[in-house]
Chemist: 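Below is one structure. I have some questions about it.
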Protein chains: 2
Amino acid sequence: MAVSIRDVAREAGVSVSTVSKVLNNSPLISEATTRKVQDAMERLHYHPNMRAKNFARQKTCSITFVARAERNAAFNNPHLFEIMCGVENALSNKGYSLTFINLAKEQDEARLVESLIEQKNTDGIVLHVSAVSKKIPRLLADGNFPHIVIGKPDFESELCWIDTNNNLSGSIAAKHLFHVGCRRIAYIGGGEDDRISLHRLQGAQKAAEEFGSAILPENIRQGVLTIEDAQTVAKQLIRENRPEAIICANNTVALGTVRAIHEQALAIPDDIAVISFDDYPYSRIMEPALTVVNIDVYDMGMQAGIMLLRKLKNPSLQVQSYTTLPVLIVRGSTVKSTKSELES
Amino acid sequence: MAVSIRDVAREAGVSVSTVSKVLNNSPLISEATTRKVQDAMERLHYHPNMRAKNFARQKTCSITFVARAERNAAFNNPHLFEIMCGVENALSNKGYSLTFINLAKEQDEARLVESLIEQKNTDGIVLHVSAVSKKIPRLLADGNFPHIVIGKPDFESELCWIDTNNNLSGSIAAKHLFHVGCRRIAYIGGGEDDRISLHRLQGAQKAAEEFGSAILPENIRQGVLTIEDAQTVAKQLIRENRPEAIICANNTVALGTVRAIHEQALAIPDDIAVISFDDYPYSRIMEPALTVVNIDVYDMGMQAGIMLLRKLKNPSLQVQSYTTLPVLIVRGSTVKSTKSELES
DNA sequence: TTTAATAATGAAACCGTTATAATATAATAT
DNA sequence: ATATTATATTATAACGGTTTCATTATTAAA
């Protein structure tokens, strides 16, 4: 049917293996034959069949991105797509392609990963932390299957992962507040068992100590899960202790907090400064725009892709991890001048 | 190395073709042999090699999703990922997988599509309209390569596409405003040559006529590209004509318009109602929350996937198109009671 | 009983490449 | 002139399935 490497060989008057070597620009082929073969390929409109190549080479040049994104995920978590674009970018630069799998509600992540490995249809796996369960490490690490996890799982394992330092993020947030003159700093955290929120708090506390200050226990609230929760908690906090600044563990908290401040007819940042984490679309649009400690998730995705490709090239490589640095984006919620600037 | 179909055949004491037939549950195999073979597979931990299968079958059971997403696309256009999740869902239900390709800035979409087809590494293509140029139809339609375009290109072609009816969306928006008692309705459009914005305006005008009314020329503004633009334009519009409601061609316009209204200390919706299109994360978060005419992009992606698979199964199928219906989401920016409800 | 029809299995070609080992040719050293 | 080495090229066996067609075993009809 389609024109194959044999047709090219016949047309060029050489052997099949010679054509194959030309295709893979092997150095063992003379210039003259190379030209002959290339001409023949041109004449016949030959294009290598990747299915056959993958089969013969015993690899697919494709890696699989697995996540568990709820419907409306793009709204709740725009980061996911951004990460994926970063990975895709890194891969496509090296001739690899990205397959996307979104776990369904009831679907078992371990079973999926297992069958991905069995099927031999992918060379490596990028697992978003939302799709990691305790059974995963045995499948990947023990089987020495090339992989990288985006986000650090909350259990010990030999997985390769890439993540950010939430402790440092919290520290950066608190330091910024001190820099702009705030002293009585409050912290409103996410769910009681939200590790990310806890780490950010710890970082903030450490930073406060470095400034010879502290985040007082009565200024710390936890267990906030919705915007409305946050609004209620913030309102109470403000009434009772009237802090100069509030660190919000995440954007849900931030939105409620801003509403609470407005509700009490106080001004941001003059009466109370607000800072949060992770740059979301509305962070820029809010009034005032929100100062956040952000991580470049696109870049994180790229790094993940690069690490995975490195592992693919050199399978004997050790288990590796990587931590991306948070970046402060200063906006109107912490400083008067609206002009936003970037610091590290 | 790995256990192959031949090993299974030997272990089960049958021929290779019999094992193959068991794998594809051919009806020609007796129950007894089927069991024998399945036992052997179990004993040897056999798993079919998809690379080999794809090669032998001359297909890959994977389709490729191509888009041109700028960095920060998830923020500017969360819909893209949502569409993709819809496509992925439809495909994975039928044993197909989705490969994602994000066109780089300078990358030529036609060349990419061409090479995708040549490489024979994908069974079909889903093209987001952001990745469609005039060279595309010839590659896909003429070559009869299975494809579907999400969004309707602005030139005539024989492409299969799936899109929504912006005219109808505009009409729904206007009708809703009439229903809640607004009469003097204004329209603030996007860029001068923004077809979507124009169609929405046309729909709104038609609806107004049905109500024996009209959107007066002095209440129509066009060429708005940024939030700031929109704010300026809206401010002027309000000063001059003081409409009862403003239809915003998109969310950028809506944000500027809302700011302009607040700036003049007017109330939404009491003084001026606001309606826009496409549900964005901040649409729900804004105060008041924004009434929008939305399309279910996840579902649109699913439909696209389903249409493409149908075409794959039955290649003789005619060129098809599909139009998803817009849905009104009523929120606080057009009605007092905040309780949001859905209408069609 | 013989013959035809049907059901179950197997042999071998095929899919389009890569990879390995063997061979032919040219260049250099002995 | 011969042996050795280096350089190009080729023949052929993988890779692991599917598929077509022939063959055998079984059942039904003549």
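In what follows, every chain begins at residue 1, and chains take the letters A, B, ... in the order their sequences are listed.
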Chemist: B:N72: which residues meet the side-chain hydrogen bond (donor to acceptor under 3.5 Å, both in side chains) condition with it, sequence neighbours left out?
Modeler: none
Chemist: Is the closest side-chain heavy-atom distance between B:P146 and B:L308 below 4.5 Å?
Modeler: yes
Chemist: Taking DNA chain D as the partner, which of residues 40-62 of chain A come within under 4.0 angstrom of it by heavy atom?
Modeler: A:F55, A:A56, A:Q58
Chemist: Can you give one letter per nucleotide of nucleotides 8-13 of chain C, going 5' to 3': B for a protein heavy atom under 4.0 Å from the base, S for sugar-phosphate only, - for none?
Modeler: SBBB--
Chemist: Run the side-chain hydrogen bond (donor to acceptor under 3.5 Å, both in side chains) test against A:N121 and tell me which residues pass, sequence neighbours left out.
Modeler: none
Chemist: Per the salt bridge (Lys or Arg N to Asp or Glu O under 4.0 Å) rule, what does the pair list look like for residues 144-160 of chain A, sequence neighbours excluded?
Modeler: none
Chemist: What residues form a salt bridge (charged side-chain N to carboxylate O under 4.0 Å, His left out) with B:D108, not counting sequence neighbours?
Modeler: B:K135
Chemist: Can you check the B:L23 CG to D:dT19 C1' distance for me, whole Å?
Modeler: 14 Å
Chemist: Quickly work out the B:R10 CZ to D:dG16 C1' distance and round it to whole Å.
Modeler: 13 Å
Chemist: If I take atom CG in residue A:N121 and atom C1' in nucleotide D:dC15, what distance separates them, rounded to the nearest angstrom?
Modeler: 15 Å
Chemist: Only Watson-Crick and G-U wobble pairs, only distances under 3.5 Å, only runs of 3 or more: what stems does that leave for DNA chain C?
Modeler: C:1-30 with D:1-30
Chemist: According to side-chain hydrogen bond (donor to acceptor under 3.5 Å, both in side chains), who are the partners of A:D163, at least two apart in sequence or on a separate chain?
Modeler: none
Chemist: Kindly state each residue pair satisfying ring-ring contact (aromatic ring centres under 6.0 Å, His included) with at least one member in residues 118-156 of chain A, sequence neighbours excluded.
Modeler: none
Chemist: By the 4.0 Å heavy-atom rule, please label B:S20 as base, sugar-phosphate, or nothing.
Modeler: base
Chemist: Enumerate the ring-ring contact (aromatic ring centres under 6.0 Å, His included) contacts for residues 14-59 of chain B, please, sequence neighbours excluded, ordered by first and then second residue.
Modeler: A:F55-B:F55
Chemist: Can you name the salt bridge (charged side-chain N to carboxylate O under 4.0 Å, His left out) partners of A:E109, sequence neighbours left out?
Modeler: A:R68
Chemist: Hey, could you give me each pair passing side chain to side chain donor-acceptor pair (under 3.5 Å) that has a residue in residues 307-319 of chain A? Not counting sequence neighbours.
Modeler: A:N314-A:S316
